[in-house]
Every structure is written in C-alpha cells, then in structure tokens.
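Given the structure is predicted, the values throughout are model-derived calculations rather than measurements. Just so you know, residue 1 is the first one in the sequence shown, and it goes up from there.
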Amino acid sequence: MSHVTLQSGGLDDPLYRRDLLRLAADAQGAGHLPAPDGVASRHNPACGDRVTVELAVSGGRITALAHQTQACLLCQGSAALLAAQAPGLDRAGLAALAEGIRAMLGGGAPPAPSYAALAGAVGHAGRHVCVLLPLEAARAALEQAEKGRMGSQD
C-alpha cells in the first residue's frame, strides 16, 4: 500500500498545493439552487473545463451561489472560493473581485487571503482561464438575473 504525501518528496507541484486540494475536495457551493434567478455556463475549449453557476439575487446583490464544475483543480478551487465570496456582492463587487484575481494572477496580492490557494497559477498564463472561468459564468448569470428582474417589471 503506497502513501502519497503533499510535502517535499511527494506532490509538491506549486499549482496543486495542499490548500487548493482541500478547496476542491470541500467543493463549497457545489450543487444546485432550488429556484435560481440567473444561470450561466462557461467552457474552456483548450482544456475542457466546464462550469455552470446558479445565482439567487435580491436587491441587485447575490444572496446565494451554487456551481456545477467539471474541471481541473484550479477551476474547482476557484468555484469554491467564489461560492464563499459571492454572497453580498453586486455587479460592481463581482467585477472588483474578478479584477483582484486578475491582478493576483499578474503577480499582485490575492484579493482575499483564501485566494492565495490559487497563487500557483501565477506563473502559468495558460491556466489563468481556469481560475477565471467561474467568475465569467457568475458575471453572465448575474446579467441574466438582472434582465429577468427588469423583464418582470414590465
């Protein structure tokens, strides 16, 4: 019986750090919302990652986020972090979070301490799309929710 360790001599790849593996395994927010206000999917054809984000929205703010993620660990971890960070965000807040993550991927500080788990992707420009995919789906889901709300006011 073999034992794989995540310390030196084992899986010490900076892309797949222990905190990222935990995020993906915990999969916060994975699943479905009972009655989402907005739903959007995004796909990365380069690697096959797929993520669908469902949002509940009230007063222009996200109240809940669920995701279905069939993707690499970076995308799974990013989706789990987003599920934790999104409640309370409005369109501007979601955009600011995405910009903070882009800045982190460019070598800046993480937008929140938990995003340090994704720092291994900084040196791998091709993997930045994986990290950003859940945010792109959330942005599109929020736009859909806003259109639905405006359409129901007519």
Side-chain angles (χ1 to χ4, degrees), residues 4-31 33 36-57 59-147:
V4 177
T5 145
L6 298 174
Q7 298 167 5
S8 64
L11 295 175
D12 57 0
D13 184 331
L15 272 176
Y16 304 113
R17 300 168 15 171
R18 183 183 305 262
D19 47 355
L20 176 60
L21 294 169
R22 281 192 192 113
L23 280 171
D26 290 345
Q28 182 172 349
L33 296 178
D37 297 304
V39 179
S41 297
R42 290 295 180 262
H43 172 242
N44 180 358
C47 66
D49 286 357
R50 287 187 181 279
V51 63
T52 298
V53 170
E54 299 177 357
L55 297 178
V57 179
R61 295 193 176 278
I62 298 168
T63 58
L65 180 147
H67 62 90
Q68 302 86 55
T69 308
Q70 297 173 326
C72 70
L73 288 171
L74 289 167
C75 191
Q76 291 175 40
S78 181
L81 287 168
L82 181 60
Q85 295 288 322
L89 295 180
D90 59 8
R91 180 190 288 251
L94 188 60
L97 177 61
E99 284 308 309
I101 293 168
R102 283 186 185 90
M104 177 194 75
L105 292 170
S114 55
Y115 277 92
L118 301 173
V122 168
H124 302 274
R127 304 305 298 272
H128 293 185
V129 173
C130 303
V131 173
L132 294 168
L133 206 61
L135 287 119
E136 292 301 319
R139 180 195 51 77
L142 185 56
E143 285 178 11
Q144 183 190 69
E146 290 172 342
K147 286 179 185 174

> If we only count heavy atoms from C-beta on, is the S78 to C130 side-chain gap below 4.5 Å?
Replying inline: no
> Closest heavy-atom contact between A145 and V57?
Replying inline: CB-CG2, 3.8 Å
>> Looking at every non-hydrogen atom in both residues, tell me the closest pair between L65 and A86 and how far apart they are.
In response: CD1-CB, 3.8 Å
> Are the side chain of Q76 and the backbone of A71 linked by a donor-acceptor contact shorter than 3.5 Å?
Replying inline: yes
>> With a 4.0 Å cut-off on N to O distance, would you call K147 and E143 a salt bridge?
In response: no
> For the residue pair T52 and S41, what are the closest heavy atoms and their distance?
Replying inline: OG1-OG, 2.5 Å
>> Is any side-chain heavy atom of E146 closer than 4.5 Å to one of R91?
In response: yes
>> Minimum heavy-atom separation for R42 and A140, please, with both atom names.
In response: NH2-CB, 3.0 Å
>> Quick one, Y115 and L97 - any side-chain contact, counting heavy atoms below 4.5 Å?
In response: yes
> How many angstroms lie between atom CG of L135 and atom CD of Q85, to the nearest 0.5 angstrom?
Replying inline: 10.0 Å
> Just by modelled atom types, is the L33 backbone N or O under 3.5 Å from a matching donor or acceptor in the E54 side chain?
Replying inline: yes
> Who are the salt bridge (charged side-chain N to carboxylate O under 4.0 Å, His left out) partners of R102, not counting sequence neighbours?
Replying inline: E99, E136
> Where do T69 and A79 come nearest, in terms of heavy atoms and distance?
Replying inline: OG1-CB, 3.6 Å
> Are V51 and N44 close enough, and set up right, to give a side-chain contact (heavy atoms from CB on, under 4.5 Å), and what steps lead you there?
Replying inline: CA-CA 9 Å; V51 63; N44 180 358; over 6 Å; no
> So, do V39 and Q144 sit near enough that their side-chain heavy atoms are less than 4.5 Å apart?
Replying inline: yes
>> Quick one, C72 and C47 - any side-chain contact, counting heavy atoms below 4.5 Å?
In response: no
> Are L89 and L142 close enough that some pair of their side-chain heavy atoms sits under 4.5 Å apart?
Replying inline: no
>> Could you check whether any side-chain heavy atom of M104 comes within less than 4.5 Å of a side-chain heavy atom of L118, counting everything from C-beta outward?
In response: yes
>> If I compare all heavy atoms of A98 with all of L132, which pair ends up nearest, and what's the gap?
In response: O-CD2, 4.4 Å
> Should I101 and P111 count as side-chain neighbours, where that means a heavy-atom distance under 4.5 Å?
Replying inline: yes
> Hey, what do you get for OG1 (T63) to CG (D37), rounding to the nearest 0.5 Å?
Replying inline: 7.0 Å
>> I'd like to know whether Q28 forms a side-chain contact (heavy atoms from CB on, under 4.5 Å) with H67, so could you lay out the CA-CA distance, the side-chain angles of the two residues, the decisive distance to 0.1 Å, and finally the verdict.
In response: CA-CA 9 Å; Q28 182 172 349; H67 62 90; 5.8 Å; no
>> Rounded to the nearest 0.5 Å, what separates atom NE2 in H43 from atom CZ in R50?
In response: 4.0 Å
>> Enumerate the salt bridge (charged side-chain N to carboxylate O under 4.0 Å, His left out) contacts for residues 81-90, please, sequence neighbours excluded, ordered by first and then second residue.
In response: R61-D90
